[in-house]
S.K.: 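Mind looking over this structure? Questions follow.
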Amino acid sequence: MIDIKELRKDPGKFKDALEKRGYETDIIDEILHVDREWRELTSKINELRSRRNEISKNVGRAKREGDEKRAEELMSLGREIGRQIKELEERQRELESKEKELLLRVPNVPHGSVPVGEDESENVEVRRWGDPKVFDFEAKAHWDLGPELGLLDIERAGKLAGSRFVILYDKLAKLERALINFMLDLHTKEHGYKEVWVPHLVKRETMTWSGQLPKFEDEAYNTKKDDLFLIPTAEVPLVNLHAGEILKEEDLPLKYVAYTPCYRREAGSYGKDVRGMIRNHQFDKVELVWYTTPERSYDDLEVLLSHAEEVLKRLELPYRVVALCTGDLGFAASKTYDIEVWLPSYGAYKEISSCSNVEAFQARRSKTRFRRKDGKVEHVHTLNGSGLAVGRTLVAIVENYQRPDGSIVVPEVLRPYTGFEVIP
RNA sequence: GGAGGCGUAGCCUAAUUGGCUAAGGCGUCGGCCUUGAAAGCCGAUGGGGCUUGAGGCCCCGUGUGGGUUCGAGUCCCACCGCCUCCGCCA
């Protein structure tokens, strides 16, 4: 959520941000209009309440002095003012909920370092690591290779759950598990993260605080009876871990890592990445989340990014890092780097991690704050990044490590986790 | 799922039958004192609105949202959370 006080002070900044994202800017004036009316009304109500408080005091006084007649007079006056207040409060509540609803629909302001652009074609490549593999035979896509090996079953998954689900068997299932453990170990043992095991079903508020709702309700699975949501990413529980709390400055940054499945309806993405396991309704992900201070959050983002990159380096998978432009930036993010891994089946780099600084956007919603050494309380900045999307990492290994005979070499760093060197 | 209990500020704890400023302690921050520290003393320590030359004024805030009342920490309802017991259960 954006800061209403900042919006009052500098509406131009927010209109500019919306323009750069390719959004309509009318909403800003609408908010300011509602806000102005709210403030005028609030002043009026405060004045009436002040009078009522005064009257109430005098009622008590009159009663103690035994002046029943005077007390009765005052009480009737208080009743009248109470009626007026009640009437105005109704309008005030309407304005408040309208304002809140509008504020929740405004995306975050892009950081000054974010390239301005319309869509993903204007994202800016930051660096490349490794060279795309050149095969001296015809390389296969994972959606062919996997079923041929009998280790990836898309048909039966369809029978059980519909499209965009997969089943893994034997060594491919183990490879998935090995990747999860490898990533968790790397981040906990070498990068200083605390491992967290979180709920996969969360309340509506939790989804709202992390920025998924109200705008993207169609994207999430919801259990109607209890109004719980399946998490689309571990970012949701992790970033709400300290909701309502006041953290100590000396405890920051807090760095959390969690492995969870992620559940996404992928509404509106029909026709995109339909084959294999690139875009499924359920996929595994190891997620990194930081709670940090405003003055260091952008430096920390670079560090978080390097932690995600390290996974690909150790797996020796070629990748590149791109800075998303304003038009491609997610709703909650101020700045985002995507890491894209080379996929032979696409003949291109494909997103495997997204690392963002959302500044105080989530912290304002979840009321996550920290106390500075001088006693001042302020919202934290939160960062999140995939470290990495496990399913796509598996795809990248299958495709990049395949051999002419259809077998797949297990990257060296994973062998202690798999217990085998070749698939099948 | 059933029965009961509880929820006060960063933390811990008070508040006659509903009534004047939510008292006190701890912690934290600032100041005094000190060679430095501790102790001690003084002050500050939730949110919002209006306004100013400094500075004020007002409202809200006892888990959340409603209700009763001239007036609610206190009474009523719903929800959330925690605890105890029963039932069910990997």
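Nothing here was measured: the structure is a model prediction, and the numbers come from that model. The chains referred to below are lettered A, B, ... by the order of the sequence lines, with proteins before strands, and numbering in each begins at 1.
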S.K.: Closer than 4.0 Å, any side-chain N/O of A/Lys5 to the OP1 or OP2 of B/G48?
M.R.: yes
S.K.: If I take atom CG in residue A/Leu7 and atom C1' in nucleotide B/G48, what distance separates them, rounded to the nearest angstrom?
M.R.: 17 Å
S.K.: Near RNA chain B, under 4.0 Å by heavy atom, which residues of residues 71-93 of chain A?
M.R.: A/Met75, A/Gly78, A/Arg79, A/Lys86, A/Arg93
S.K.: For A/Glu40 and B/C59, what is the distance between atoms CD and C1' respectively, to the nearest whole Å?
M.R.: 17 Å
S.K.: Using the six-membered ring wherever Trp is involved, compare the ring planes of A/Phe361 and A/Phe331 and label them parallel, tilted or perpendicular (cut-offs 30° and 60°).
M.R.: perpendicular
S.K.: To the nearest Å, give me how far apart NZ (A/Lys57) and P (B/A72) are.
M.R.: 13 Å
S.K.: So do the side chains of A/Thr233 and A/Glu287 get within less than 4.5 Å of each other, counting heavy atoms only?
M.R.: yes
S.K.: For residues A/Tyr319 and A/Lys313, determine if any side-chain heavy atom of one lies less than 4.5 Å from a side-chain heavy atom of the other.
M.R.: yes
S.K.: Which value, rounded to the nearest 0.5 Å, describes the distance between A/Lys335 atom NZ and A/Glu359 atom CD?
M.R.: 10.5 Å
S.K.: Output yes when at least one side-chain N/O atom of A/Asn53 is less than 4.0 Å from OP1 or OP2 of B/C60, else no.
M.R.: yes
S.K.: When the P atoms of B/A9 and B/G47 are compared, how many Å lie between them, rounded to an integer?
M.R.: 14 Å
S.K.: According to a strict under-4.0 Å criterion, is A/Arg61 in side-chain N/O contact with OP1 or OP2 of B/C20?
M.R.: no
S.K.: Please state the C1' separation for the pair B/A72 and B/C60 - nearest whole angstrom.
M.R.: 14 Å
S.K.: When the distance from CZ of A/Arg204 to C1' of B/C79 is rounded to whole Å, what number comes out?
M.R.: 15 Å
S.K.: Rounded to whole Å, how long is the line connecting atom CD1 of A/Ile45 with atom P of B/C50?
M.R.: 14 Å
S.K.: Heavy-atom nearest nucleotide on RNA chain B for A/Ile55 versus A/Ser43: which residue maps closer to 5'?
M.R.: A/Ser43
S.K.: Which is it for A/Arg61 and A/Asp67 under the salt bridge (Lys or Arg N to Asp or Glu O under 4.0 Å) test, yes or no, and what are the steps along the way?
M.R.: CA-CA 9 Å; A/Arg61 211 169 288 148; A/Asp67 190 348; over 6 Å; no
S.K.: Expressed in whole Å, how much space separates the C1' atoms belonging to B/C83 and B/G66?
M.R.: 26 Å
S.K.: Return the orientation label for the A/His191 and A/Tyr193 ring planes: parallel under 30°, perpendicular over 60°, tilted otherwise.
M.R.: perpendicular
S.K.: In whole angstrom, give me the gap between the P atoms of B/C89 and B/G4.
M.R.: 24 Å
S.K.: If you assign A/Arg52 and A/Arg369 each to the RNA chain B nucleotide with the nearest heavy atom, which residue ends up on the more 5' nucleotide?
M.R.: A/Arg369
S.K.: Can you check the distance between B/A54 and B/G63, where both ends of the measurement are the P atom (answer in whole Å)?
M.R.: 38 Å
S.K.: Is the side chain of A/Arg21 donor-acceptor paired with the backbone N or O of A/Gly330 at a distance under 3.5 Å, no angle test?
M.R.: yes
S.K.: Taking both distances under 3.5 Å as the test for a Watson-Crick or G-U pair, what stems of at least three pairs does RNA chain B have?
M.R.: B:1-7 with B:80-86, B:10-12 with B:24-26, B:27-32 with B:40-45, B:46-51 with B:55-60, B:63-67 with B:75-79
S.K.: Could you tell me the separation between the CD1 atom of A/Ile4 and the CD atom of A/Glu99, rounded to the nearest 0.5 Å?
M.R.: 4.5 Å
S.K.: Taking only side-chain N and O atoms of A/Ser50, does any of them lie within less than 4.0 angstrom of OP1 or OP2 on B/C59?
M.R.: yes
S.K.: Say you pick atom P in B/A90 and the same atom in B/C79; how far apart are they, in whole Å?
M.R.: 29 Å
S.K.: Can A/Lys13 and A/Glu6 be said to form a salt bridge (Lys or Arg N to Asp or Glu O under 4.0 Å), step by step?
M.R.: CA-CA 9 Å; A/Lys13 181 176 109 183; A/Glu6 262 181 72; 2.4 Å; yes
S.K.: Taking the minimum atom-to-atom distance to the side chain of A/Arg49, which one of B/G19, B/C59, B/G49 wins?
M.R.: B/C59
S.K.: Whole Å only: how far is the CD atom of A/Glu65 from the C1' atom of B/G19?
M.R.: 14 Å
S.K.: How close or far is atom C1' of B/G10 from atom NE2 of A/His242, stated in whole angstroms?
M.R.: 16 Å
S.K.: Please pick, from B/C50, B/C60, B/C80, the nucleotide with the shortest atom-to-atom distance to any side-chain atom of A/Lys203.
M.R.: B/C80
S.K.: How many Å lie between CD on A/Glu47 and P on B/U51, as a whole number?
M.R.: 12 Å
S.K.: On a whole-Å scale, what distance lies between the C1' atoms belonging to B/A15 and B/G67?
M.R.: 24 Å
S.K.: Are OP1 or OP2 of B/G49 and a side-chain N or O of A/Lys44 less than 4.0 angstrom apart?
M.R.: no
S.K.: Give the intermediate values and the outcome of salt bridge (Lys or Arg N to Asp or Glu O under 4.0 Å) for residues A/Arg93 and A/Glu90.
M.R.: CA-CA 5 Å; A/Arg93 267 198 295 274; A/Glu90 204 171 307; 5.2 Å; no
S.K.: Using modelled atom types and a 3.5 Å cut-off, is there a donor and acceptor pairing between side-chain atoms of A/Glu399 and backbone atoms of A/His142?
M.R.: yes
S.K.: Mind checking the P distance from B/C26 to B/C42? Whole angstroms is fine.
M.R.: 12 Å
